[in-house]
Amino acid sequence: MINVGVLGSGKSAINFIKALNTFPNLKLVEIGSRNKFSANKISKIYKSKIFIKSIDDVIYSKKNSLVIICLPPFLQPKIIEKLISTKKNIICEKPLSVNYLDTKKIVSLWKKKKQIFLINLCYNFFLPFNIFLNEIKSNKLQIKKIEISWRVLSNYSQFKGYWKNDNSLTGGVLFNYGSHLLNLFFPKKKN
């Protein structure tokens, strides 16, 4: 049994927790979050009791050996560096960082260690995508062409400063959502 910690309490964390429910050899033991209320709320998705802690408490916890990071990318490099130093295995929701230099530093640190480090896309467990992909696979509608239009929160003034809408923070439609579409339509591709 591999004990898992999740960092974050947003939609990506929810999708990862749903995924963890499907793997009998992985056990979610703790969630680290900046928002304890949200963390408590999403912890109910998992099938057994989970401890709610601070992000640093989960990073340095002896209770987990795998940590899944579901935080905005501008926060992730420092957290990844800490996790690499603890020799824990890491799954990081994309994007890993907001700039090339941070990414290069992380890759260099990781190469010196022996732990697992994956950058993952969790939308495979997002219900609307599953429904959509099942329709495509069954081809009952005899679909010949698919056009994608992704509406983002930047159309609403209250979300103008949100990181997912800011290209400089690795947001925007292409950076933030394009890789999800590639993953969904071509899940077996490695390159």
Side-chain angles (χ1 to χ4, degrees), residues 1-36 38-39 42-43 45-46 48 50-125 163-164 168-171 175-180 182-184 186-191:
M1 179 69 65
I2 298 170
N3 288 339
V4 179
V6 169
L7 298 179
S9 55
K11 289 189 187 291
S12 293
I14 290 168
N15 288 326
F16 274 106
I17 292 169
K18 288 177 181 178
L20 287 169
N21 275 325
T22 67
F23 293 97
N25 58 336
L26 298 175
K27 181 181 180 187
L28 179 59
V29 293
E30 49 200 358
I31 297 173
S33 178
R34 300 173 295 161
N35 184 329
K36 301 269 170 117
S38 292
I42 70 166
S43 71
I45 296 167
Y46 196 66
S48 60
I50 303 163
F51 294 98
I52 307 301
K53 299 180 174 183
S54 73
I55 289 172
D56 276 347
D57 285 344
V58 172
I59 290 170
Y60 296 110
S61 172
K62 301 287 186 208
K63 291 182 174 33
N64 68 66
S65 60
L66 168 65
V67 175
I68 300 171
I69 307 169
C70 306
L71 295 166
F74 58 89
L75 297 174
Q76 292 182 157
K78 296 273 186 240
I79 289 166
I80 293 167
E81 287 180 42
K82 289 178 185 180
L83 285 166
I84 288 172
S85 74
T86 66
K87 299 183 174 126
K88 293 185 182 189
N89 297 307
I90 304 165
I91 297 175
C92 180
E93 173 61 10
K94 70 91 200 149
L96 141 73
S97 172
V98 296
N99 70 54
Y100 177 73
L101 292 178
D102 283 342
T103 302
K104 189 174 176 181
K105 180 179 179 184
I106 289 166
V107 169
S108 175
L109 288 170
W110 166 70
K111 283 184 174 181
K112 296 175 187 172
K113 305 294 180 179
K114 297 290 185 197
Q115 70 235 61
I116 296 168
F117 182 37
L118 302 171
I119 301 167
N120 191 55
L121 301 160
C122 68
Y123 276 25
N124 300 54
F125 291 90
W163 74 266
K164 286 189 175 189
S168 69
L169 298 176
T170 318
F175 291 131
N176 194 38
Y177 303 110
S179 59
H180 285 297
L182 290 172
N183 177 61
L184 288 165
F186 308 105
K188 306 273 190 245
K189 292 284 185 189
K190 302 264 189 279
N191 296 322

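Phe117 places a side-chain heavy atom less than 4.5 Å from the side chain of Ile106. In this structure, Ile31 and Ile17 have side chains that are in contact, with non-hydrogen atoms separated by less than 4.5 Å. No side-chain heavy atom of Asn64 sits less than 4.5 Å from a side-chain heavy atom of Val4. Considering only heavy atoms from C-beta on, Leu71 comes within 4.5 Å of Ile55 through its side chain. Counting heavy atoms from C-beta on, the side chains of Leu83 and Ile69 come closer than 4.5 Å. Within the 4.5 Å cutoff, side-chain heavy atoms of Asp56 are placed close to those of Lys82. Counting heavy atoms from C-beta on, the side chains of Ser65 and Ile2 come closer than 4.5 Å. Side-chain atoms of Val6 and Ile50, non-hydrogen and from C-beta on, never get closer than 4.5 Å to each other.
Residues Lys27 and Tyr46 share a closest heavy-atom pair of CA-OH, 3.4 Å. The two residues Asn35 and Ser9 have their closest heavy-atom pair at O-OG, 3.8 Å. Looking at every heavy atom in both residues, Gly5 comes nearest to Val58 through CA-CG1, 4.1 Å. What you find for Met1 and Pro24 is that their closest heavy atoms are CE-O, 3.2 Å.
In summary, of the residues considered (Lys111, Lys104, Lys105), a side chain to side chain contact (heavy atoms under 4.5 Å, CB included) with Val107 occurs for Lys111 alone.
The SG atom of Cys70 sits 13.5 Å away from the NZ atom of Lys11 when rounded to the nearest 0.5 Å. Here the CG atom belonging to Asp57 is positioned 12.5 Å from the CZ atom belonging to Phe51, to the nearest 0.5 angstrom. Separation of atoms CD1 (Ile80) and CD1 (Ile90) is listed at 6.5 Å; rounding is to 0.5 Å. For the atom pair CG of Leu66 and CG of Leu20, the computed distance is 8.0 Å after rounding to the nearest 0.5 Å. Here Ser54 contributes atom OG and Glu30 contributes atom CD; the two are 9.5 Å apart, rounded to the nearest 0.5 Å. If you take NZ on Lys53 and CG on Leu7, they are separated by 11.5 Å, rounding to the nearest 0.5 Å.
Panel note: side chain Lys88, backbone Ile59; a donor-acceptor pair is recorded below 3.5 Å.
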